[in-house]
Chemist: 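Submitted below is the structure of interest, expressed as C-alpha cells.
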2 protein chains.
Amino acid sequence: MDQVDEILSQWHRERPDLDVGPMGLLGRLARLYSHLTRAVEKTLADYGLNAASFDVLATLRRSGAPYALSPSALMATAMVTSGTMTNRIDQLEKTGLIKRQANPDDGRSTLIALTQQGHALVEAAVSAHVANQHRLTECLSAAEKQQLNALLATFLARFES
Amino acid sequence: MDQVDEILSQWHRERPDLDVGPMGLLGRLARLYSHLTRAVEKTLADYGLNAASFDVLATLRRSGAPYALSPSALMATAMVTSGTMTNRIDQLEKTGLIKRQANPDDGRSTLIALTQQGHALVEAAVSAHVANQHRLTECLSAAEKQQLNALLATFLARFES
DNA sequence: GGGTAATATCTTGACGTCAAGATAATTGCT
DNA sequence: AGCAATTATCTTGACGTCAAGATATTACCC
C-alpha cells in the first residue's frame, strides 16, 4: 500500500465508476521519473551541468568525431522545440563548452561543435552519470531490469516507430 | 533497434568502457514520460487545465467532502515546493475553481477548497482523463500492464517508503 | 531564371518550477 | 508567562520550456 495505492483507493471510494488501473501505472511512472530526474541532476550539478545541458554535450560526444551536429539534429534526439534548443546552445556557448560554426553546405544551418573544454567535461560527467545510473537501478535484480526494460520498449513503441 | 538502442550503440562505439544497460532503461522511462505528459495535457486542455492545475483539483476531489486540504497536504502529494504550490493556488483561485479559506484550527495555515465550479469541472475532466489513460495504455496486454505496474512499484519503493 | 514553397534557426512573451529567504503563527521548554 | 525553535505559507529572482511568429536560405517547378 504505497502512496499511489492510496490515491487509487481514494478514487475508488469517491468515484467507483472509474476504472483507475491505468492511473496507477502512469502515476507510478510519473513519480518515478520525478525522483530519478532529481537524482540525476544532483550528480550532474557536480560538473556545473543540468540534465538539459548534459544532454546536448552527451549527444555531441556520442556522435563521434568531429563532435559536431546541427541544432535540428540535437532537437530531434532531445525532443524539444527549436526555441528550447537555441536557448540551450546559447548558454553552453557562453560557458565555452560548445561553439557555433557555419555550415559550409547550407547557409540556413549552423554546426554545434564541442570545444576542447566541453569534450573534457562531458568525458568526466558521463562516467559519473553512468555510475550514478547503476546506483539508482541497483534495487532491481538483473532479471527485473531486463523485464522492465523490455516492457518500457514495448510501451515506447506506441509513440516512436 | 529503436531510438534508445541507437543511442546505446553510439556509446558502445565511442566509450566501450561504459556499461550503458541502466541508461537504456532510464532513457526509455524518460522518453515515455515525455510522450505521456504531452498526451495527457492535450486531453486536459479541453477543460482549460494542464497537468499541474488538474493535479490540484483532482487531489481535492478525491479527498472527499468537504473537498478541502491545506497547501502543505497538496504539496506533499504533488511533490512540489511551497512556491510552486502557492503559484498553482493563485492561478486556480483567479479562475474561481478553488477558494482560500481560513483554517480555524491553525492561524498559520489556510484551507484550499473546491468551488462548485471547480467541483463540476474536475468531475468532467477526470472522466475524460481516465478514458484517455485507458487509450494510452491499450497497446499493452492486461498481463503486460500488470507486470509493468508491479516492476514500477518495486522501483518506486526505492524512493518512497 | 523567377517566384513560390519548404526548411533551419532565432526571437518574443508567457508559464511552471525551484531555491532561498521573509513573514507570521504555533509549540515546547524553562 | 515568556522566549526560542519549529512550522506553514508567501515572496523574489532566476531558469528551462513552449507556441507562435520572424528572418534568412534553399529547393522545386513552371
Side-chain angles (χ1 to χ4, degrees), chain A residues 30-31 33-42 44-45 48-57 59 68-95 97-113, chain B residues 30-31 33-42 44-45 48-57 59 68-95 97-113:
Chain A
R31 293 180 76 92
Y33 175 80
S34 173
H35 289 294
L36 289 168
T37 297
R38 283 166 166 76
V40 164
E41 298 233 329
K42 215 167 189 175
L44 295 178
L49 301 172
N50 59 21
S53 53
F54 174 76
D55 191 43
V56 173
L57 299 183
T59 302
L69 294 170
S70 69
S72 291
L74 292 169
M75 286 164 51
T77 70
M79 300 198 301
V80 297
T81 62
S82 62
T84 297
M85 189 51 69
T86 297
N87 184 49
R88 288 186 182 185
I89 292 168
D90 285 348
Q91 302 313 313
L92 286 168
E93 194 174 34
K94 265 183 210 160
T95 57
L97 299 173
I98 62 172
K99 54 175 182 273
R100 280 183 169 92
Q101 302 176 332
N103 184 339
D105 298 335
D106 190 335
R108 296 168 298 182
S109 175
T110 61
L111 283 178
I112 312 303
Chain B
R31 293 181 77 94
Y33 174 81
S34 174
H35 289 295
L36 289 168
T37 297
R38 282 166 166 76
V40 164
E41 298 232 330
K42 214 167 190 174
L44 295 177
L49 300 173
N50 58 20
S53 53
F54 173 77
D55 190 44
V56 173
L57 298 181
T59 302
L69 293 171
S70 68
S72 290
L74 292 169
M75 285 164 51
T77 71
M79 300 198 301
V80 297
T81 62
S82 61
T84 298
M85 189 51 68
T86 296
N87 184 50
R88 288 186 182 185
I89 292 167
D90 285 348
Q91 302 312 313
L92 286 168
E93 193 175 33
K94 265 183 206 158
T95 57
L97 299 173
I98 62 171
K99 55 174 183 276
R100 280 184 168 92
Q101 301 176 334
N103 184 338
D105 297 336
D106 190 333
R108 295 168 299 181
S109 173
T110 61
L111 283 177
I112 311 303

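In this text, all values refer to a predicted model and were calculated from it rather than measured experimentally. Residue numbers start from 1 in every chain, and the chains themselves are labelled A, B, ... in the order their sequence lines are given, proteins ahead of strands.
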Chemist: Within a strict 4.5 Å, meaning less than it, do heavy atoms of the B:P71 and B:I89 side chains meet?
Modeler: yes

Chemist: If you look at every strand shown and take non-hydrogen atoms under 4.0 Å, does A:N50 touch a base, only sugar-phosphate, or nothing?
Modeler: sugar-phosphate

Chemist: Given atom CD of B:E41 and atom P of D:dA19, what is their separation to the nearest angstrom?
Modeler: 10 Å

Chemist: Do you know which two heavy atoms are closest between B:R38 and A:M79, and how far apart they sit?
Modeler: NH2-O, 3.1 Å

Chemist: Can you name the one residue among A:T95, A:L57, A:V56, A:D55 that meets side-chain contact (heavy atoms from CB on, under 4.5 Å) with A:L49?
Modeler: A:L57

Chemist: Could you state the interatomic distance from CG (A:L111) to CG (A:L69), rounded to the nearest 0.5 Å?
Modeler: 8.0 Å

Chemist: For nucleotides 22-28 of chain D, read 5' to 3', which letter fits each nucleotide if B means a protein heavy atom sits under 4.0 Å from the base, S means only the sugar-phosphate is that close, and - means neither?
Modeler: ---BS--

Chemist: Calculate the interatomic distance between B:N103 atom CG and C:dT26 atom C1'; express it in whole Å.
Modeler: 12 Å

Chemist: Quick one: A:L74 CG to D:dG16 C1', roughly how many Å, whole number?
Modeler: 16 Å

Chemist: Decide side chain to side chain contact (heavy atoms under 4.5 Å, CB included) for A:R100 and A:D90; before the verdict, give the C-alpha distance in whole Å, the side-chain angles of both, and the deciding distance to 0.1 Å.
Modeler: CA-CA 9 Å; A:R100 280 183 169 92; A:D90 285 348; 2.9 Å; yes

Chemist: Are OP1 or OP2 of C:dA19 and a side-chain N or O of A:R38 less than 4.0 angstrom apart?
Modeler: no

Chemist: Tell me the interatomic distance from B:M75, atom CE, to C:dT17, atom P, rounded to whole angstroms.
Modeler: 13 Å

Chemist: Could you state the CG-P distance from B:L111 to D:dA8, rounded to the nearest angstrom?
Modeler: 13 Å

Chemist: Considering only heavy atoms from C-beta outward, does the side chain of B:M85 approach that of B:I112 to under 4.5 Å?
Modeler: no

Chemist: Does OP1 or OP2 of D:dA8 have a side-chain N or O of B:R100 closer than 4.0 Å?
Modeler: no

Chemist: Using a strict heavy-atom distance below 4.0 Å, which residues from residues 81-94 of chain B are in contact with DNA chain C?
Modeler: B:T81, B:T84, B:N87, B:R88

Chemist: In Å, rounded to the nearest 0.5 Å, how long is the span from OG1 of A:T59 to CE of A:M75?
Modeler: 13.0 Å

Chemist: Check whether B:T37 reaches the backbone of B:S34 with its side chain - one donor and one acceptor, N or O, closer than 3.5 Å.
Modeler: no

Chemist: Using the side-chain contact (heavy atoms from CB on, under 4.5 Å) definition, which of the options A:N87, A:T86, A:T81 pairs with A:T84?
Modeler: A:T81

